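Because only heavy atoms are used, hydrogens play no part in the values below, and waters and symmetry mates are left out as well, while side chains stay in. Here the structure is a predicted model, which means the values were calculated and not measured.
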Amino acid sequence: MEMIKLAADDIFDGRRFLGPDRVLVLDASGAVTAVVPRSWAGDDIQQLKGWLCPGFINAHCHLELSHMKGCIPEHTGLPAFLTRVMEQRQPPGPEILEEAIEAAGQAMQAEGIVAVGDICNTAATLPYKLKSPLYWHSFIECMGFVDATAPQRLEHSAAIYAQFRAQHLPVSLAPHAPYSVSATLFRLIAGMDNNTPLTIHNQECAAEDELYRQKTGAFMDFFRHFGIQTDNFEATGRSSLQSWLPYLKDAPRLLLVHNTFTSEEDIRFAADANVSWCFCPNANAYIENRLPDTPAFLRNGVKPALGTDSLASNHQLSIWQEVQTVRRHYPHIPLEEVLQWATINGAEALGLADTLGSFEKGKRPGIVQIVDNNAKAYTLYE
C-alpha cells in the first residue's frame, strides 16, 4: 500500500511537540500509520515548511448566524447582544443566508478545522452539512423560560431534530442557556433517551448569576422587553451553574460553553458530573470584554476545548485565532497545552477522540500546517 511520509520543522501530535526528527506516516486514505524517527522512515519523505498539527476541533459554533457578521457592535454585554440577535437574525433573503453559511463553512475547512459542534435553531444549515466534508454535530437548541409552555417548546425543537436525524447526521437536542430554559423544560430534555452529547451556554455574563441569586438584574429587563412571564421563576440564592446543573447531573456527556463568569467554587461543584468545558475567547471579548478565569480552571485540572461562537460575535471562525488570543492573555500557558485545547480536548468533548484530535495509529484526524503564524489545511492530494 502506498505510504505518505511527511516531515516538517516540528510535529505536534495532539498532546506534545515531537521535534524536527520525526516523520508522520499515513496510508493513502489519510489514516495515521505511525510517527517515527526520520532514520526509520526510509525514502520519499516530503519535507514541509512550518510545523504540522492534527485537524482543529471547533467545539462551539453558530453557523446559521453567519449572515450577521458586523451587525452587532462589540462590548454590548450579553442581554443587549441577545436582544439584537433576536430582533435582527432574519436574513434579507434565503440566498443571503445560504451564501453566508457556505462561505463560513469553507473558511473553517481551509483553516484546518475538521469537526464542529454547531448550534441550530432551524434546519437552515442542513443542506450545506450534507455536502460538507467536515464532521458536524448539530445541537438543536431548545428554549422556553415559561414552565407551562415546556411541552410545546420541546415539540418545536424535536421537529427540527427529526429533520437532521432523517438525514443520518449526528444530532442531539440541547438546552440553550439557564436564563432561557425552565425547570420543566430542563427535566424534559434530561429525560430523553439516546440524546448525547448535550451542551449549554453557561455563565456568559454576570446577569445570569444575578438572576438565579436574587431574581434581579438585566435579564429581568430582557424578559419584560419580550413579554416573557417570570411569575413562576424563583431565585435559588445560588449561582446559575449550581442551580441548573442538578437537572443534567446524569447526562453521559455535557459540554459547558463560554463560562466567562464561572467561579472556582462552581468549577469544583461540577467536578462530579460528566462535564467538559469550552472557551470562546474572541466571542467573550467581543460581547463582554472579558475572558474566563482560565487559571482557576487549570488549577482544578480542567482540560478546556475551544470554540468560535458565531460571526455575530466574532470577526472570524478561526480556532487558530482563538489559540492566539489565549496566548496573548495568558503567555505563561505553553503553546503545547493550548494546542491540546484545539485538538484532542475538543475531540474528547464531542465524543470523537477515537477518530480525531491526535496523530495516533488508525485515526484520520486531518492535518493543519502552521507556516509564518498562519494555519491552513494540508491536503494530501492537491
Side-chain angles (χ1 to χ4, degrees), residues 4-20 22-24 26 30 32 35 45-61 63 66 69-70 100 102-116 132-135 278-286 291 304-311 313-331 333-347 356-359 364-382:
I4 300 162
K5 304 171 186 178
L6 303 177
D9 297 338
D10 210 333
I11 295 176
F12 174 77
D13 69 357
R15 293 182 173 85
R16 63 192 66 81
F17 281 103
L18 303 178
R22 289 292 184 273
V23 175
L24 174 63
L26 310 119
V32 176
V35 182
I45 299 170
Q46 300 177 48
Q47 182 69 39
L48 304 177
K49 294 181 179 180
W51 47 274
L52 305 180
C53 171
F56 292 141
I57 312 296
N58 185 352
H60 181 78
C61 184
L63 188 65
S66 296
K69 184 175 182 179
E102 182 143 358
Q106 289 178 350
M108 284 194 277
Q109 180 183 344
E111 191 218 31
I113 290 170
V114 295
V116 185
S132 169
L134 304 191
Y135 179 98
C278 177
F279 300 157
C280 303
N282 286 323
N284 301 150
Y286 192 109
L291 267 61
L306 288 175
T308 61
D309 210 46
S310 75
L311 285 175
S313 59
N314 205 333
H315 298 290
Q316 66 280 308
L317 303 181
S318 166
I319 290 297
W320 180 241
Q321 289 302 318
E322 302 298 329
V323 169
Q324 301 288 78
T325 296
V326 172
R327 293 278 290 151
R328 282 196 301 273
H329 283 81
Y330 301 105
I333 303 176
L335 175 61
E336 184 174 76
E337 185 171 347
V338 183
L339 284 173
Q340 292 172 16
W341 306 4
T343 55
I344 190 63
N345 291 5
L356 302 177
S358 61
F359 291 142
R364 291 182 176 83
I367 302 171
V368 182
Q369 184 180 9
I370 310 293
V371 181
D372 297 329
N373 210 33
N374 292 308
K376 65 175 182 176
Y378 178 78
T379 304
L380 295 179
Y381 305 101
E382 296 290 352

For the side chain of [X] and the backbone of [Y], is there at least one donor-acceptor N/O pair under 3.5 Å apart?
| X | Y | answer |
| --- | --- | --- |
| Asp13 | Phe359 | no |
| Lys5 | Leu24 | no |
| Asn58 | Thr308 | yes |
| Glu322 | Asn282 | yes |
| Asn314 | Leu317 | no |
| Gln369 | Tyr378 | no |
| Asp309 | Ala283 | no |
| Thr343 | Leu339 | yes |

State, yes or no, whether a side-chain contact exists between [X] and [Y] at a heavy-atom distance under 4.5 Å.
| X | Y | result |
| --- | --- | --- |
| Ile367 | Leu380 | yes |
| Arg15 | Ser358 | yes |
| Val368 | Leu52 | no |
| Val116 | Met108 | yes |
| Asn373 | Trp320 | yes |
| Pro54 | Phe12 | yes |
| Ile319 | Ile57 | no |
| Ile11 | Phe17 | no |

Would Trp51 and Val371 satisfy side chain to side chain contact (heavy atoms under 4.5 Å, CB included), going step by step from the backbone distance to the final call? CA-CA 7 Å; Trp51 47 274; Val371 181; over 6 Å; no
To the nearest 0.5 Å, how far apart are [atom1] in [X] and [atom2] in [Y]?
| X | Y | atom1 | atom2 | result |
| --- | --- | --- | --- | --- |
| Leu306 | Gln321 | CG | CD | 12.0 Å |
| His60 | Cys278 | NE2 | SG | 7.0 Å |
| Leu335 | Gln340 | CG | CD | 10.0 Å |

Closest approach of [X] to [Y] (non-hydrogen atoms, all atoms of both residues):
| X | Y | result |
| --- | --- | --- |
| Ala7 | Gln47 | CB-OE1, 3.4 Å |
| Gly19 | Asp10 | N-OD1, 2.6 Å |
| Val32 | Pro365 | CG2-CD, 3.9 Å |
| Pro20 | Asp9 | CB-O, 3.2 Å |
| Ser66 | Leu311 | O-CD1, 3.8 Å |
| Gly366 | Val114 | CA-CG1, 4.2 Å |

Establish, yes or no, whether a centroid distance under 6.0 Å links the rings of His315 and Tyr286. yes
